Amino acid sequence: APRRSRGVLWPSIAPALSLPSLRKAMETVLSGTAATDDHLIDSLLTSAAGVAESILKISDLAEDEELVQVCRETLLRAAAVASPVSPEADEHFDHPMWGPTPQIEAAQGLMRYIWHFGLGDSTVLATVESLSTSRSPAVRFQVATQLIAFYKYSPESFWRLAEKMTFAEQSTAVLNALLRSVGHGHLQGREADKIIALYWARQRQGFPAQRTEDIIEVFSHVLVQLIVFSNSNSAHELVSHLLADPVAQSLYFPQIALSTATYLPHGLAEHSGGSRAIRGQARSLALEVLSGVQNGFEQLAAALALGEGASILKRLVSAIDNIVFRIYLASGANPALRRDDANQVNSTDLETFFEEIRPILTFVTSTQSKPRYISPSTAQHLMELFNKFLEFDPVFIVELTAQLCSANLFGYQFDQQAITEVTTLVETFLADHRQYLRDSKVAANIGSILDLFIDASWPQATRILMSMDRAMA
């Protein structure tokens, strides 16, 4: 009878077509006739294993069906045929890309077999464990990406193989797949301490040199998820350990910042205690990241004076940018970048969002710590945010803007976009909130903002300053 899997109709593929074809292929391989050279056998096995793997995607198969058993034998036979592997294979396999080989197709199919039928077949289990140590990183990748199939039937077997593979792996793409499987969302609520123990041990061991940032992306995102969703003390301990050494661990800062800031607007429209707690965890972690960045700036001061440490400074500045940019996207400050997703704050919740991120905006622009570095892109996003939030607390926003203008902005004040945003903010303030100018501190803040742009030779700033003088008079 026809079978349907994932919306695909398999019209009598099993009894009428696949079974005879697989049998014929295996008979040809096993016959060893002179007409079948090694290359042809490999091609035949690759194709046959690919068909078997596709069949095993069907969800309602029974293990004792003849078709399943033929697929099993085909995959086991293909798993025994190793293709040549370059000595530099691990070094070059820094992202998932491969051509079909018997063992690659076999690894995919046997992991599907385990997902459906479990770990009771000792031959299949032994073959998969052998493939997990293959010299080919592309073969190991197939096992790593579907390793959660082991957990489905035996958590102990999962952790045993996961630890063995994780500590031995030298390929960036395979290690990435392992970290994703170990940090799978299904495991985070059950096995947080085991995840962290394995992550921490592998981090101490060191990561492959190729595309290390890809590994750090997965590594950091799982840690952040464990903190904000599960309030994992062990995850927070590991992240705090990294953030405490911003110079040595600067590679982690941009990604931890980005992952953390993703959850700042989480579930804002739900108005639930659970979502509020998640946002609170994200907010606390974002402030911890920013504190680490500031410590890094202070530690780098001497090196920067000698013309060193520029790459570390760039990463730390990028961490600030990642947090601000996520807030910028969530707030809808730029209508062209609005997205219809869960992290987009709607207009009715925007003031609540502003109040929640107030400590972050304060820290980013604070004059309490020096030196301070803010990239031109971050400054631009902040200015657009300040224009968006001006109506909620005009005095506070003007103070933040003045503080921002006193930081090292890497020449942002000379950018046309800069004077446009500043002009908009000050003119809106003078039009709608001029009563606050009676406060000398507010007037001084407006003056310091305009001074920066007057020094940058923008005539708009001089014109606004004269308008302000008339308004005050």
Side-chain angles (χ1 to χ4, degrees), residues 257 260-269 271 276 279-280 282-283 286-287 290 320-339 341 343-367 372 374-407 409 412-413 415 417-437 439 441-446 448-450 452-453 464 468:
T260 300
T262 300
Y263 301 108
L264 289 173
H266 179 83
L268 196 62
H271 305 288
R276 197 157 41 247
R279 295 196 303 276
R283 197 160 54 249
L287 289 168
L290 293 170
I320 300 174
D321 193 40
N322 286 345
I323 291 174
V324 171
F325 185 63
R326 283 292 176 180
I327 294 172
Y328 173 76
L329 286 179
S331 70
N334 186 339
L337 297 179
R338 284 193 68 87
R339 301 175 301 174
D341 63 22
N343 289 326
Q344 184 72 63
V345 179
N346 61 50
S347 58
T348 57
D349 295 315
L350 189 60
E351 187 170 3
T352 300
F353 183 56
F354 165 68
E355 291 298 337
E356 289 189 351
I357 63 168
R358 183 188 285 257
I360 294 174
L361 298 176
T362 300
F363 198 107
V364 168
T365 60
S366 174
T367 58
R372 297 185 301 138
I374 296 177
S375 74
S377 62
T378 303
Q380 175 65 19
H381 294 144
L382 283 169
M383 285 306 307
E384 292 184 49
L385 280 168
F386 293 163
N387 272 305
K388 184 79 172 180
F389 295 146
L390 181 62
E391 62 178 305
F392 300 136
D393 192 338
V395 172
F396 176 67
I397 291 297
V398 165
E399 181 179 4
L400 293 187
T401 306
Q403 292 179 173
L404 172 65
C405 289
S406 68
L409 301 178
Y412 170 68
Q413 64 270 30
D415 193 298
Q417 288 183 304
I419 190 61
T420 299
E421 292 301 324
V422 166
T423 298
T424 300
L425 187 140
V426 176
E427 288 184 338
T428 302
F429 183 88
L430 294 177
D432 299 339
H433 312 288
R434 70 170 61 194
Q435 68 272 22
Y436 295 111
L437 288 175
D439 185 330
K441 183 178 179 182
V442 174
N445 283 333
I446 293 284
S448 67
I449 295 168
L450 294 174
L452 177 67
F453 289 88
I464 295 172
M468 189 179 80

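Quick caveat: nothing in here was measured; it's all calculated off a predicted structure.
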* **Donor-acceptor pair between Arg283 and Thr260 side chains, under 3.5 angstrom** =>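 No, Thr260 and Arg283 have no side-chain donor paired with an acceptor closer than 3.5 Å.
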
* Asked: Does the side chain of Ser375 come under 3.5 Å of the side chain of Thr378 through a donor N or O and an acceptor N or O?
  ->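 Yes, side-chain donor-acceptor contact under 3.5 Å.
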
Can you check whether [X] reaches [Y] side chain to side chain, under 4.5 Å on heavy atoms?
X: Glu356; Y: Thr352; result: yes
X: Asp393; Y: Val395; result: yes
X: Thr367; Y: Arg372; result: yes
X: Leu409; Y: Pro376; result: no
X: Cys405; Y: Leu452; result: yes
X: Val324; Y: Ile360; result: no

* **Steps toward side chain to side chain contact (heavy atoms under 4.5 Å, CB included) verdict (Met383, Thr401)** => CA-CA 7 Å; Met383 285 306 307; Thr401 306; 3.7 Å; yes

* To do: With Arg358 as the cation and Phe396 as the aromatic partner, state whether NZ or CZ is under 6.0 Å from the six-membered ring centre and within 45° of the axis.
  =>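 Cation-pi check for Arg358 and Phe396: passes.
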
Return yes if some donor-acceptor pair links the side-chain N/O of [X] with the main-chain N/O of [Y] below 3.5 Å, else return no.
X: Asn387; Y: Leu425; value: yes
X: Gln403; Y: Thr365; value: yes
X: Arg326; Y: Thr262; value: no
X: Gln344; Y: Ala330; value: yes

* With sequence neighbours left out, write down each residue that passes side-chain contact (heavy atoms from CB on, under 4.5 Å) with Asp439, or none if nothing qualifies. =>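 Testing Asp439 for side-chain contact (heavy atoms from CB on, under 4.5 Å), a comparison that skips the adjacent residues, returns Lys441, Val442.
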
* Nearest non-hydrogen partners of Leu404 and Ala379, listed with the distance ->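 Of all heavy-atom pairs spanning Leu404 and Ala379, the closest is CD2-O, 4.1 Å.
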
* At their closest point, which heavy atom of Leu385 faces which heavy atom of Tyr328, and how far apart are they? ->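 Heavy-atom minimum between the residues: CD2-CA, 3.8 Å.
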
* Under the criterion side-chain hydrogen bond (donor to acceptor under 3.5 Å, both in side chains), which of Gln380, Lys388, His381 is the partner of Glu384? ->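 Going through the options one by one, the only one that passes is Gln380.
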
* Look at the aromatic rings of Phe354 and Phe389 and report parallel, tilted or perpendicular, splitting at 30° and 60°. =>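 Ring orientation of Phe354 relative to Phe389: tilted.
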
* **With Phe429, the side chain to side chain contact (heavy atoms under 4.5 Å, CB included) member among Ile397, Ile464, Leu437, Thr424** =>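 Checked Ile397, Ile464, Leu437, Thr424 against Phe429; only one passes side chain to side chain contact (heavy atoms under 4.5 Å, CB included): Leu437.
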
